[in-house]
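First comes the structure, then the notes that go with it.
We name chains A, B, ... by the order of the sequence lines, and we start the count at 1 in each one.
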Protein chains: 2
Amino acid sequence: MAEQTFTISELAREFDVTTRTIRFYEDQSLLEPAREGQRRIYSRRDRVRLMLILRGKRIGLSLLEIRELFDLYDAASNDEPQLREFIRILSRKEQQLQEQLDDIRVVLGEIGQIRSQCEKALGKQAV
Amino acid sequence: MAEQTFTISELAREFDVTTRTIRFYEDQSLLEPAREGQRRIYSRRDRVRLMLILRGKRIGLSLLEIRELFDLYDAASNDEPQLREFIRILSRKEQQLQEQLDDIRVVLGEIGQIRSQCEKALGKQAV
DNA sequence: ATTGACGTTGACGTAAACGTCAAGTTATTG
DNA sequence: CAATAACTTGACGTTTACGTCAACGTCAAT
């Protein structure tokens, strides 16, 4: 059974981004879809990459950082300094994420408090 | 004992931002320090606001969103529609934060896996 | 053959969040 | 009192991540 492929607008719909966005990611070397004539053809692997890009963005990575991670990941299996560099970057990002997570917990806690105060001020109807 | 105050560069040092940044926040109506002649004088309350701004940013709020929250918070004690709007915004943001938190957990998990693979590939030295 | 949907490549525009001068004011310190 | 440091207000520049045309290609259906 042949590999499943996708068009640019299929991916755009599925992930709720514009086609412009997807082409822009290609410009930034984050995607490299095959071509059939002029048309771009996206493989499962391309689709996964797009998912990773979008998740990377959601956690606050820049497109450049995402690209660096891709590059490292692609090249990392070879020599040892590469691997060590990869680990270093991941550790740093892990720590940042952990701090961000703590921040979010704090804010969520405060939001909860403020909200219950508001609800009390409005009487006991559920909101 | 008189209220403690701060200069712009004291705050800049303390929070590791530039004075330009602090003035920019004032431009955006996020801060309203008192003046002594021309010079800006920051109160404890201003300092707290700055802390809130920076924490808001760390969790991915735009300056505009931060300002809206400030405005609502300042005005919220009065009428009921204000309060309801406040609650609505907080709920929406709470949900976004929760999703972001889930994303971060996923990525942290994957980072852990990738890293332990890397470490295995490098032999059993601690990294 | 034309219409419509979908695709393509430029090129320029935009919003957010500051950075970076320039040119002047005020305070203090040797 | 002159230098230096710290402050001020513009005004313009910069980066990121796209949006928005314009102008054109391609293919299927009418």
Check your understanding: Start at the 5' end of DNA chain C and walk down; is the nucleotide closest to A:E10 or to B:L63 reached first?
Key ->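 This one resolves to A:E10.
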Review point. Of B:S62 and B:Q38, whose closest DNA chain C nucleotide lies nearer the 5' terminus?
Key: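 The residue closer to the strand's 5' end, by nearest nucleotide, is B:S62.
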Check your understanding: Which of these, A:R49, A:K57, A:R55, sits in a side-chain contact (heavy atoms from CB on, under 4.5 Å) with A:I66?
Key ->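 Going through A:R49, A:K57, A:R55 one by one, the side-chain contact (heavy atoms from CB on, under 4.5 Å) with A:I66 is satisfied by A:K57 alone.
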Should [X] be listed as having a side-chain N or O under 4.0 Å from OP1 or OP2 of [N]?
X	N	value
B:T7	D:dA6	no
A:R40	C:dT8	yes
B:T18	C:dG19	yes

Exercise for review: Using atom types as modelled and distance alone, determine if a side-chain donor or acceptor of A:D27 lies under 3.5 Å from a backbone N or O of A:F24.
Suggested key: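 Flag not set: sc A:D27 to bb A:F24 has no pair under 3.5 Å.
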Practice item. Ignoring hydrogens and angles, tell me if any N or O in the side chain of B:D46 forms a donor-acceptor pair with the backbone of B:S43 under 3.5 Å. Key: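 Yes, B:D46 side chain to B:S43 backbone: donor-acceptor pair under 3.5 Å.
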Point to revise | Enclosure of A:E32 CD (heavy-atom neighbours >12, cutoff 6.0 Å) | key: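 It does not: A:E32 CD has 12 such atoms or fewer within range.
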Exercise for review: Evaluate the side-chain contact (heavy atoms from CB on, under 4.5 Å) criterion for residues A:R47 and A:Q4: first the C-alpha distance (whole Å), next the side-chain angles of each, then the deciding distance (0.1 Å), finally the verdict.
Suggested key: CA-CA 10 Å; A:R47 185 171 163 278; A:Q4 188 182 359; over 6 Å; no
Round to a whole Å and report the spacing from [atom1] of [X] to [atom2] of [N].
X	N	atom1	atom2	answer
B:K57	C:dC18	NZ	C1'	8 Å
A:I8	C:dT8	CD1	P	5 Å
A:R23	D:dT20	CZ	P	14 Å
A:D27	C:dG10	CG	P	9 Å
B:F24	D:dT14	CZ	P	17 Å
B:Y25	C:dC18	OH	P	4 Å
A:L30	D:dT16	CG	P	13 Å
B:R35	D:dC7	CZ	C1'	10 Å

Review point. With sugar-phosphate meaning primed atoms plus P, OP1 and OP2, does B:T19 contact a base, only sugar-phosphate, or nothing at under 4.0 Å between heavy atoms?
Key: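 The answer is nothing, as B:T19 stays clear of every strand by at least 4.0 Å.
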**Study point:** 5′-ward residue of the pair A:R20/A:R39 relative to DNA chain D
**Key:**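 With A:R20 and A:R39 compared, the 5'-side residue is A:R20.
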Practice item. Please determine, for the side chain of A:S9, which listed nucleotide (C:dG19, C:dC6, D:dC18) has the closest atom? Key: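 The answer is C:dC6.
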